[in-house]
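Okay, so here's the structure we're looking at.
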Amino acid sequence: MKLHEYQARDLLAANGVAVTSGRVARTAAEAGKVAGELGGKVVVKAQIHAGGRGKGRLVEASETAAMYEKLTSDPANNAGQVKGDRVGGVRLADTVAEAEAAAGAILGKHLVSIQTGPEGKLVKTVLVAEQTDIVKEYYLSVLVDGSVNGHLFIASAEGGQEIEHVAATNPDAIARVAVNSASGWEGYVGRTLAQRLGFTGDQAAQFATLAEALYKTACATDASLVEINPLALTADGRVVAVDAKLTIDDNALYRHKDLADLRDKDEEDPLEVMAQEMGVSNFIKLDGNIGCIVNGAGLAMATMDAIKFAGGEPANFLDIGTVNDPQRVVSALQVIIKDPSVKAILVNIFGGMARVDIIAQGVIDGFKQLGIEVPVVMRLVGTNLAEGEQLLAASGIPAIRATDFGDAAAKAVEAANRAA
Ligand code: GDP
Ligand code: MN
């Protein structure tokens, strides 16, 4: 689950990370009020679940695709803008009136950046924060990394730009320091990072305190990623987080009931939200036109490979798990047919603990309850296959039967092409 910057910085501040003062606003007038409280010199920032806001552009809903094409087709279009100026989704304002105008220009528009995708993101809130006089921008993040069996810090003195870009052009400028999971935080982590970034004296101490607090935040919230870009050194000698990104591991949300309220469903894929609400948990929307219902994540991956190999594109990843209730299959079908890009459905089931007859019954019920109009290809093997076959034969539903992986994928691709 991704958080908005304003939500992330509250969590960071609560755990002792130095952030600029600021508050969220939903109208231009409210933004002006916050700016007044902060003394007028502020930065007004669009709150969306995507980065690259500073270099993004605000447009009407009808113009997002063209703008995205413009930003992504030629890097010059995305690089030409001065950072933090008065054009993109992050705007500096020197007076209350300017802050109000900036918020007015941002709210209600769609922000398109190289990270938003062609739909852009509707901006519903802005963060109004104290404007910092930045001397230098750094990059600092902590993430859960399997290769070190724990938390890994990634830091760079080349902040304010995408870390992927630094990694590609100047990999030596990136420091990686792991935290030992058994011992937890140890002072050398902060000192090593501070040294690699070139901090000395009081600033090195400030940095180390901030890095420790960042680690504490990551642990306390079960974050898979906490990213500060930029971490700023200010003219008055402070080391402070100017941007914040925090992603919470969905599998840990059950123990963070208070954080679950921070979810902004408007920012998530509507089909994925629907799937979650219907209890179809392992659903990821993809860009193709073949809907997939599969049991087991490995089988789901293999099925997507088979579809690609047959020249098609999967419309989703859906691991239905071990099903013992036909209605779960109906729910999965319901989510899949809600996607207008789906032109065929492939049901690929290996009956182990899941029984083939239950899944067959689910597909039959789906045809009866949902009025499925796209072709459905079924490849079934395993437990209670004979019972499943009987149910399907008796039902008379127009499922296309396939014998193995390759056959199933080829038939699904053919069916989707015919319908498209
Ligand atoms: P992002 O583009 O979505 O990553 O948004 P950021 O919050 O990182 O802002 C983009 C850039 O705006 C930063 O890299 C800074 O250069 C600039 N910026 C943001 N806040 C301030 C500020 O308070 N003062 C100054 N001078 N620049 C800022
Ligand atoms: Mn940033």
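Whatever order the structure lists them in is the order used to number ligands and atoms, beginning at 1.
Residue K45 has at least one nitrogen or oxygen atom sitting less than 3.5 Å from a nitrogen or oxygen atom of ligand 1, judged on distance alone. Some N or O of D243 is nearer than 3.5 Å to an N or O of ligand 1, by distance alone.
Less than 4.0 angstrom separates some heavy atom of V90 from each of these atoms of ligand 1: 5 (O), 9 (O), 12 (O), 19 (C). Distances below 4.0 Å separate heavy atoms of V242 from the following atoms of ligand 1: 19 (C), 20 (N), 21 (C). Residue G51 approaches ligand 1 through these ligand atoms, each under 4.0 Å from one of its heavy atoms: 3 (O). In summary, the atoms of ligand 1 found under 4.0 Å from a heavy atom of R53, numbered by their order in the structure, are 1 (P), 2 (O), 3 (O), 5 (O), 6 (P), 7 (O). Each of the following atoms of ligand 1 lies closer than 4.0 Å to a heavy atom of P230: 8 (O), 13 (C), 14 (O).
Comparing A235, A50, G56, G54 against atom 10 (C) of ligand 1, the shortest heavy-atom distance belongs to G54. Atom 23 (O) of ligand 1 has its nearest heavy-atom neighbour, among T132, I134, T234, in T132.
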- Worked check of salt bridge (Lys or Arg N to Asp or Glu O under 4.0 Å) between K285 and D269: CA-CA 8 Å; K285 165 97 176 80; D269 184 274; 5.8 Å; no
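Taking the charged nitrogens against the carboxylate oxygens, K245 and E5 have no contact shorter than 4.0 Å, which rules out a salt bridge. Electrostatic pairing of R238 and E130 counts as a salt bridge here, judged by a charged N lying under 4.0 Å from a carboxylate O. Salt-bridge formation is detected for the pair R263/D250: a Lys NZ or Arg NE/NH1/NH2 atom is positioned less than 4.0 Å from an Asp or Glu carboxylate oxygen.
Between F207 and Y138, a ring centre-to-centre spacing not shorter than 6.0 Å is recorded.
Using modelled atom types and a 3.5 Å distance limit, the side chains of D264 and H4 yield a donor-acceptor pair.
Only the side chain of V43 comes within 4.0 Å of ligand 1, judged by heavy-atom distances. Residue contacts with ligand 1 for K55 are absent, since no atom lies close enough (heavy atoms, distance under 4.0 Å). Only the backbone of N229 comes within contact range of ligand 1, with a heavy atom under 4.0 Å; no side-chain atom does.
Side-chain atoms of L140 and F153, non-hydrogen and from C-beta on, do get closer than 4.5 Å to each other. Side-chain contact between M278 and R328 is absent, with no heavy-atom pair separated by less than 4.5 Å.
Nearest N/O/S atom of D243 relative to the Mn ion (ligand 2): this is OD2.
Rounding to the nearest 0.5 Å gives a distance of 14.0 Å between CG of L380 and CZ of R355.
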